[in-house]
Amino acid sequence: MKKIRLAAASAVLLMVAGCGGGTDQPAASGPGFPVTVTNCGVDVTFDAAPQRVVLLKSAAVPYLHALGVMDRVTARAGQYPKEYYDAATLAELDRIPLLTDKTDTSGHLQISKEVVISQQPDLVLGEVDNLSRDALSAVDIPLLEEPAMCPDSTAVPSFDDIYRQLETYGRVFGREAEAGTAVAALRERMTKIQTETGTSAGRSAAVLYPTVGGGTTYAYGTASMAHPQLAAAGFRNVFGDVTDRVFEVTVEELLGRNPDVLILLHGDGDPAAVAQALTALPGADKLNAVRDGQVMTQLFNFTEPPSPLAIDGLERIVRHFEDHA
């Protein structure tokens, strides 16, 4: 296991403090520091709570909002669909400068190392293809990725991962009490959902990611958050025997498993086009879910990676199929 100690935070904070200006933020250091967390097999040590955060992915937003530290995010990049957030979170995001939302043809963010470094961050959240953890650590900037999105991750996800990640961010930002309160609230929501849900009459389901405009259709197995989400909604994942996180699937394979319910994930764009990308495939009209109108589209982060948004997504799934039973 690699171990990285990143002390640049202190230097950046001193420089920022020297610029003057009042702030209601807590002191850069305090009880409980230094803090070491393990992320993607790397030990990362923080000598102080981060004060200048750059977001390269949206997954951390619900955690930071719950901890009350969104004001420490000084820049963001990528896409932040409004459907994910309540009014208070949207207001926080609107105040944060957007560096870029440009992606390549596969949907991956394109941003240069120089642009990120110019923001003088003491923490970057989210790893992207052309800006790795190693590239940032070379200039003493720490990076944290959502554990489920770590390269070569083999861990089986669960809703407990959400609570653990919230507690991890609580330690990193010196907000452990707030993290405890937020975890208790999420656990209460989950208990309520599962009490009300029970089972969905033994119905089977699959979570897919169709390619709009033609191309590969992907399905999600037990290594994805889709699997525990379906179970919590009372469904049986027809791909529960597949240990991969995501894999290519054909209509013939879908017909062989013939789920009663389909949940179609997408990154952005028109949900109707996402549904059509699946239903227009030759033979798809013979699927039980398509024939019976039991198809739902959902934005990707409502299912993956594990975050408070996955609990929002679970509630949406339960409501949708209750209304369309």
(message) Using 0.5 Å steps for rounding, measure from the CG atom of Asp71 to the CD1 atom of Ile96.
(response) 9.0 Å

(message) With a 4.0 Å cut-off on N to O distance, would you call Asp260 and Arg236 a salt bridge?
(response) no

(message) Surrounding CD of Gln276 (heavy atoms of other residues, nucleotides or ligands, distance under 6.0 Å), is the total greater than 12?
(response) no

Under 3.5 Å: donor-acceptor pair, side chain of [X], backbone of [Y]:
| X | Y | result |
| --- | --- | --- |
| Asp122 | Arg52 | yes |
| Thr303 | Ala226 | no |
| Asn258 | Asn288 | yes |
| Asp47 | Phe33 | no |
| Glu92 | Val61 | no |

(request) Determine, for Phe173 and Arg72, whether the Lys NZ or Arg CZ falls below 6.0 Å from the six-membered ring centre while staying within 45 degrees of the axis. (result) no

Determine the minimum heavy-atom distance between [X] and [Y], stating which atoms define it.
| X | Y | value |
| --- | --- | --- |
| Tyr220 | Leu265 | CE1-CD1, 3.9 Å |
| Pro228 | Pro157 | CG-O, 3.6 Å |
| Leu314 | Phe159 | CD2-CZ, 4.0 Å |
| Gln298 | Ile263 | CB-CG2, 4.3 Å |
| Ala205 | Phe235 | CB-CB, 3.8 Å |

(request) Would you mind reporting whether Leu299 and His266 have side-chain heavy atoms less than 4.5 Å apart? (result) yes

(message) Quick check on the hydrophobic clustering: are Leu230 and Phe321 connected, directly or via other members, by side-chain heavy-atom contacts under 4.5 Å?
(response) yes

(message) Would you say Thr243 and Thr222 are linked by a side-chain donor-acceptor pair, where the criterion is simply a distance under 3.5 Å?
(response) no

(request) Could you please spell out the steps behind the salt bridge (Lys or Arg N to Asp or Glu O under 4.0 Å) verdict for Arg257 and Glu253? (result) CA-CA 6 Å; Arg257 298 176 184 253; Glu253 176 74 359; 2.7 Å; yes

(request) Test salt bridge (Lys or Arg N to Asp or Glu O under 4.0 Å) on Glu146 and Lys57 and set out the steps. (result) CA-CA 10 Å; Glu146 298 304 309; Lys57 292 180 181 176; over 6 Å; no

(request) Could you check Glu127, Glu145, Arg133 and say which one makes a side chain to side chain donor-acceptor pair (under 3.5 Å) with Asn39? (result) Arg133

(message) Classify the ring geometry of Tyr169 against Tyr63: parallel below 30°, tilted from 30° to 60°, perpendicular beyond 60°.
(response) tilted

(message) So if I apply the side chain to side chain contact (heavy atoms under 4.5 Å, CB included) rule between Lys113 and each of Ile117, Val116, Val115, which one comes out positive?
(response) Ile117

